[in-house]
Amino acid sequence: MIRPHGLRRVWGRLHVTARDLPLAVLLCALAFVPSMRGSGTDIGAVAERPYDAPAVVAIGLQTLALTLRRRWPAVCLTLVAAGFALDQLRGYHTVASTALPLALLSAGAHLERYRRTTVAVLSVAYVLFVAELVRRGSGEPPAEFVSFYVAMCLLWGGGAWLRSTRIAEAERRHQVAEQTRAAERARIARELHDVVTHHVTAMVVQAEAARYLTAAPERLDEALTAVTDTGRRAVADLRHLLDLLNPDHGEGSRTPPVGRLLTLVEQTRRAGQPVEFTEKGTPAASTGSADLVAYRVVQEALTNALKYAHGQATSVLVRHGERDITVEVGTDGPGTRAVTSPGGGRGLAGLRERVDVLGGEFEAGPRPGGGFAVRARIPTGSRA
């Protein structure tokens, strides 16, 4: 059994002319129903006559041309107008004449080029049509012809309004899509910045330290092993980040696995930074994106400590509450040497944006007694 939504999908995949065909066939069939004869539009008061061969042509032009009303609106309007003129001048007054308002509305909505030219040509054609009716002795007062023309103009205007509304909606969707893509690019840039900066900074520090360990092979081996391990973790983190670009990848994978903070702290210690790590409370069952943001805050703060306060005591405190996660990372005064690396504070600005998105609080700056501190309160349960 085919369900309604399945039928809608099948219908939506059909070509637009195929979707317009049923209406055209229905209107054509109604025009040949005996009880419907003479019930169409009557402009010009031409005496009614029975159907003949030209009547079939007039009905066919007006109804079957509607299959083209969205694909080729100008062609549709031309054929329908020609059939309408034949219908009225010969006095058939078929119900097929109701196709003209539909063709005008569709042309106003879907015609993309030569819109003003089309209006001008149709207006001239209408004047010639009225002149022919008058020549044949039409008894209609001029006000009737003017009223009919105004009604046709309103139908065209209605189609033009639909077109402008459709264009405005398409533009709005385009802007939303652009904003979404820009936000996603910014998110990916922040993720790449956090991952690459931290790991590369640690590798640079470890490699520089290895220069001075040539006289102690066992320590040199440890330093090179640390560089290798850091490189492997960088590759793993980058692979994890690139996996997030896969639309089939689960949302839950955005949160770092349990224990990654300890691994992060240990990696920083092996790079020569003394870090004291404290974690209090029990993580909530569902934290949304808060875990990931807390991890990035610690990662960025430790990266800055390695870069600008290498060798100075650093403390990391992560406190899990019922409704938020609090992160505090503090580093003592400036180190003996600084590891220069590009960035210009972009990491801290990115962290502030992440925390703000979740409705949290973020601050970073010098401590009163010397050194630098980063603090963040991140509400749990929110998804970003």
Charged N to carboxylate O under 4.0 angstrom, Arg163 versus Glu112? yes

What's the separation between atom CG in Leu61 and atom CG in Leu66, rounded to the nearest 0.5 Å? 11.0 Å

Calculate, to the nearest 0.5 Å, the distance between atoms CD1 and CG belonging to Ile378 and Asp356 respectively. 11.0 Å

Go through it in stages, so that I can follow the logic: the residues are Arg172 and Gln175, the test is side chain to side chain donor-acceptor pair (under 3.5 Å), and I'd like the CA-CA distance, side-chain angles, deciding distance and then a yes or no. CA-CA 5 Å; Arg172 187 191 68 80; Gln175 291 178 355; over 6 Å; no

Just by distance, no angles: are the side chains of Thr314 and Gln273 close enough, under 3.5 Å, to form a donor-acceptor pair? yes

Could you measure the distance from the CG atom of Leu102 to the CG atom of Leu23? Nearest 0.5 Å is fine. 6.0 Å

Okay, side chain of Arg136, backbone of Leu89: is any donor-acceptor separation there less than 3.5 Å? yes

Is there a path of hydrophobic side-chain contacts, each under 4.5 Å between heavy atoms of I/L/V/M/F/W/Y residues, joining Leu162 to Leu77? no

Less than 4.0 angstrom from a charged side-chain N to a carboxylate O is my criterion; do Glu169 and Arg173 meet it? yes

Taking side chain as C-beta onward, heavy atoms only, is Arg19 less than 4.5 Å from Val16? yes

Using only atom types and a distance under 3.5 Å, with no angle test, would you say the side chain of Arg69 pairs donor to acceptor with the backbone of Ala65? no

Tell me if a side-chain donor or acceptor on Thr380 pairs with a main-chain N or O of Arg323 at a distance below 3.5 Å. yes

Any idea which heavy atoms bring Arg377 and Val355 closest together, and the distance? O-CG1, 3.8 Å

For a 4.5 angstrom cut-off between non-hydrogen side-chain atoms, does Leu100 reach Thr98? no

How long is the gap from CZ on Arg115 to CZ on Arg113, to the nearest 0.5 Å? 13.5 Å

Hydrophobic cluster membership, Leu27 vs Leu105, 4.5 Å side-chain cutoff: no

Answer with yes or no whether the hydrophobic clustering places Leu264 together with Val316; edges join I, L, V, M, F, W, Y residues whose side-chain heavy atoms lie under 4.5 Å apart. yes

Nearest 0.5 Å, what's the CD-CD1 distance between Glu279 and Ile325? 9.0 Å

Begin with the C-alpha distance, continue with both residues' side-chain angles, and end with the deciding distance and a verdict on side chain to side chain contact (heavy atoms under 4.5 Å, CB included) for Leu302 and Asn304. CA-CA 5 Å; Leu302 291 180; Asn304 288 339; over 6 Å; no

With side chain to side chain contact (heavy atoms under 4.5 Å, CB included) as the test, would you mind laying out the steps for Ser315 and Val275 before giving the verdict? CA-CA 6 Å; Ser315 63; Val275 180; over 6 Å; no

Quiz question: by atom type and distance under 3.5 Å, do the side chains of Ser97 and Asp87 form a donor-acceptor pair? no

Do Arg70 side-chain atoms and Ser106 backbone N/O form a donor-acceptor pair below 3.5 Å? no

With clusters defined by side-chain heavy atoms of hydrophobic residues (ILVMFWY) lying less than 4.5 Å apart, directly or transitively, does Leu111 cluster with Leu68? no

Tell me if a side-chain donor or acceptor on Gln88 pairs with a main-chain N or O of Thr41 at a distance below 3.5 Å. yes

Worked check of side chain to side chain contact (heavy atoms under 4.5 Å, CB included) between Tyr51 and Val56: CA-CA 7 Å; Tyr51 285 4; Val56 176; 5.9 Å; no

Would you tell me whether Tyr149 and Ser123 have side-chain atoms, one donor and one acceptor, within less than 3.5 Å of each other? yes

With a cutoff of under 4.5 Å between side-chain heavy atoms, which Ile, Leu, Val, Met, Phe, Trp and Tyr residues group with Val146? Val150, Leu154

Exercise: identify the closest heavy-atom pair between Pro73 and Ala107: CB-CA, 3.9 Å

Assess the side chains of Thr326 and Arg319: does a donor N or O sit below 3.5 Å from an acceptor N or O? no

Keeping Arg166 on the side-chain end and Ala109 on the backbone end, is there a donor-acceptor pair under 3.5 Å? yes

Hey, is CD on Glu276 packed in by over 12 heavy atoms from elsewhere, all under 6.0 Å? no

Heavy-atom pair with the smallest gap, counting every atom of Cys28 and Ile59: SG-CG2, 4.1 Å

Flag, side chain of Arg90 to backbone of Arg49, donor-acceptor distance under 3.5 Å: no

Ignoring hydrogens and geometry, is there a side-chain-to-backbone donor-acceptor pair from Arg352 to Phe362 under 3.5 Å? yes

Would His320 and Thr282 count as a side chain to side chain contact (heavy atoms under 4.5 Å, CB included) here? Give the steps. CA-CA 6 Å; His320 298 277; Thr282 302; 5.9 Å; no

Single-linkage hydrophobic cluster, 4.5 Å side-chain cutoff, Val119 and Val124 together: no

Write down the atom of Gly360, the atom of Pro379, and the distance for their closest heavy-atom approach. CA-CD, 3.5 Å

Do Tyr92 and Pro54 make a side-chain contact, defined as non-hydrogen atoms from C-beta onward lying under 4.5 Å apart? yes

Under a 4.5 Å cut-off applied to non-hydrogen side-chain atoms, are Arg367 and Asp332 in contact? yes

Counting C-beta onward and ignoring hydrogens, is there a side-chain heavy-atom pair between Leu133 and Glu140 closer than 4.5 Å? no

Got a donor-acceptor contact below 3.5 angstrom from the Glu48 side chain to the Gly91 backbone? no

Identify the heavy atoms of Leu64 and Ala24 that sit nearest to each other, and give their distance. CA-CB, 4.1 Å

Under a 4.5 Å cut-off applied to non-hydrogen side-chain atoms, are Ile43 and Phe84 in contact? yes

Side chains of His174 and Glu178, heavy atoms from C-beta outward: is any pair under 4.5 Å? yes

Please answer whether the main-chain N or O of Thr17 pairs with a side-chain N or O of Arg71 as donor and acceptor at a distance below 3.5 Å. no

In short, Leu104 meets Trp156 closest at the heavy-atom pair O-CE3, 4.0 Å

Parallel, tilted or perpendicular: rings of Tyr126 and Phe148 (30°, 60°): parallel

Could you check whether any side-chain heavy atom of Val318 comes within less than 4.5 Å of a side-chain heavy atom of Phe277, counting everything from C-beta outward? yes

Once you round to the nearest 0.5 Å, how far does SG of Cys76 lie from NE2 of His110? 10.0 Å

